[in-house]
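Working notes for the structure below.
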2 protein chains.
Amino acid sequence: MSESAIRPRKEFGKTIAADITHRLREEIIACGLAPGEPLRFDVLRERFGASFTTLREALTALAAEGLVDAQEQRGFRVAPVSRQDLVEVTDARVLIEVELIRRSIERGDDDWEIAVISTLHRLKRIEHRDPEHPLRDPEWKIAHRQFHQALVSACGSATLLAIRAELFDRAERYRHLSANFRPRPRDKAGEHQAIMQAAISRNADLAVQLIETHIRSTSDNVATYAGHLLDAE
Amino acid sequence: MSESAIRPRKEFGKTIAADITHRLREEIIACGLAPGEPLRFDVLRERFGASFTTLREALTALAAEGLVDAQEQRGFRVAPVSRQDLVEVTDARVLIEVELIRRSIERGDDDWEIAVISTLHRLKRIEHRDPEHPLRDPEWKIAHRQFHQALVSACGSATLLAIRAELFDRAERYRHLSANFRPRPRDKAGEHQAIMQAAISRNADLAVQLIETHIRSTSDNVATYAGHLLDAE
DNA sequence: AACGGTATGATTTTCGAAAATACGGTTTTG
DNA sequence: CAAAACCGTATTTTCGAAAATCATACCGTT
């Protein structure tokens, strides 16, 4: 039953507003819309084919997520980037992700172990198939996100998971920002493997330490190779 | 120059949407709109005097804050309450607030100390003036919020402060929920005083312990006296 | 009576026009 | 000459009507 010909757009979610929100979010994270760039309605209207009101709703939602900056009576713009913001996001991620990993290792059942193992497996297969700059590959991005999501999925708190997801998105935008200037991705595959093993063997202290290093070194990488973009604002 | 006759409403923020968002948030927190209650546009339209679109924008923003539940194609409703949600909110608050108190005590300067002392002073004066159920007094609510805000204000992370503020709002709704059934407020004044002293004397471990107890006992109170409302959903 | 499908009314969602506001360049005034 | 006031344009913000969708009651069939 192919409905793809019937519904022209609206790939995600039932309402147009939810779909636009999703597409805008993706585009901001991927830096297809540059940080600080003004988001004028005429432009968005043409680009996304939705009306003022619908776009406004999407922008409002993204403003609450921290990806868009709303200036009352003066429109919206893509949230600017800065060293300070990168530090804050990294810091908050460590605080929360560390706690969620601990809880997941404490509470995770068989399904959790299976999810962690299988998402890592898919991630590795994608990396093997195409070992170059992974951020350019949408499939890698999804698989990477799902592996990290699986790791914390057994924490038992939807509230903290939602907060974590927002911070993950904000951090991923910084990764994209530096992707064009980074010489070579470091050994992420190995790190992911080690994190998985620590988690499955219920070695919470080790998993926590690995995750913290993983997050911080990614952030350091961004600060190093995209530094010129962070100060220019 | 009294403009109050010119602009009929719009007390907070420049745009109507921001104002409606603010008023709706207050009303949901104060349980003037009951948890789970459907938010139909006709009703809201009459109550707040704004158009569909403007209301929709406000509801979208509040949905991102976790105070409103958006069901695609089936409208909005006030976010439901539950024991599970109360536990999650309490838990997340402890995790974050404890960390922010530590950082504030570490980094707070003279202005921070002054803010902590003066906000507590105002809170105590209001309590002294009118020592009965404080949640009914809007001034007490504001002063109470400002004291707790001041305590963490020197943490240095706008990102974490924003998350903390959302969780504070969600927790305050639960406090209102149980306010009508609680026999007598316990000795909050004394707790606040002790927290202030621990913070000012830079005794981080003590301050952290007091804050955690403060948050958890408030939550326990809610669970005890509003338990019937939490299970009924 | 039970079931499935359909028409009807209620409600949400989307749209583009209209009003309100900000921006930039020009003139006016002290 | 500098600063303030003005005016036209660009842009955002708000509105209510129109389209889309959902919920319910109704009807015919088994």
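It should be emphasised that the depicted structure is a prediction, and the values quoted were computed from it without experimental measurement. Proteins come first, then strands; the chains are lettered A, B, ... in the order of their sequence lines, and each starts at number 1.
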Taking [atom1] from [X] and [atom2] from [N], how many angstroms apart are they, rounded to a whole number?
{"X": "A:D42", "N": "D:dT11", "atom1": "CG", "atom2": "C1'", "value": "7 Å"}
{"X": "A:F41", "N": "C:dA17", "atom1": "CZ", "atom2": "P", "value": "16 Å"}
{"X": "B:E72", "N": "D:dT21", "atom1": "CD", "atom2": "P", "value": "12 Å"}
{"X": "A:F76", "N": "D:dT12", "atom1": "CZ", "atom2": "C1'", "value": "9 Å"}
{"X": "B:R56", "N": "C:dC15", "atom1": "CZ", "atom2": "P", "value": "11 Å"}
{"X": "B:F52", "N": "D:dA17", "atom1": "CZ", "atom2": "P", "value": "8 Å"}
{"X": "A:D69", "N": "D:dT12", "atom1": "CG", "atom2": "P", "value": "14 Å"}
{"X": "B:K14", "N": "C:dA19", "atom1": "NZ", "atom2": "C1'", "value": "18 Å"}

With a 4.5 Å limit on heavy-atom distance, are the side chains of B:E97 and B:L160 in contact?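 No - every pair of side-chain heavy atoms lies 4.5 Å or more apart.
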
Taking side-chain contact (heavy atoms from CB on, under 4.5 Å) as the criterion, tell me which of B:L33, B:L24, B:L55 meets it with B:R47.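 That would be B:L33; it is the only one of B:L33, B:L24, B:L55 passing the side-chain contact (heavy atoms from CB on, under 4.5 Å) with B:R47.
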
Which one, C:dT12, C:dT21, D:dT14, comes nearest to the side chain of A:Q73?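 Of the candidates, C:dT21 comes closest.
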
Among D:dT14, D:dC15, C:dT11, which nucleotide has an atom closest to any side-chain atom of B:R40?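 For the B:R40 side chain, the nearest candidate turns out to be C:dT11.
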
Have a look at A:L55 and say if it touches a base, only the backbone sugar-phosphate, or nothing, with a 4.0 Å heavy-atom cut-off.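 Counting heavy atoms under 4.0 Å across all strands, no contact is made by A:L55.
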
B:L59 near the nucleic acid: base, sugar-phosphate alone, or nothing, with a heavy-atom cut-off under 4.0 Å?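 No contact.
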
Do any side-chain nitrogens or oxygens of [X] fall under 4.0 Å of OP1 or OP2 in [N]?
{"X": "B:R74", "N": "C:dT11", "result": "no"}
{"X": "B:T53", "N": "D:dT13", "result": "no"}
{"X": "A:R45", "N": "C:dC15", "result": "no"}

Could A:E65 and A:R170 be called an ion pair, given the rule that one side-chain N must be under 4.0 Å from one carboxylate O?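 Judged by the 4.0 Å cut-off on N to carboxylate O distance, A:E65 and A:R170 do not form a salt bridge.
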
Carboxylate-amine/guanidinium proximity below 4.0 Å for A:D69 and A:R74: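 The answer is no: the pair does not qualify as a salt bridge.
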
For the residue pair B:H148 and B:F168, does the interplanar ring angle fall in the parallel (under 30°), tilted (30 to 60°) or perpendicular (over 60°) class?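 Geometry flag for B:F168 against B:H148: tilted rings.
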
Closer to the 5' end of DNA chain C via nearest nucleotide, is it A:S51 or B:G75?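 Per heavy-atom nearest nucleotide, the more 5' residue is B:G75.
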
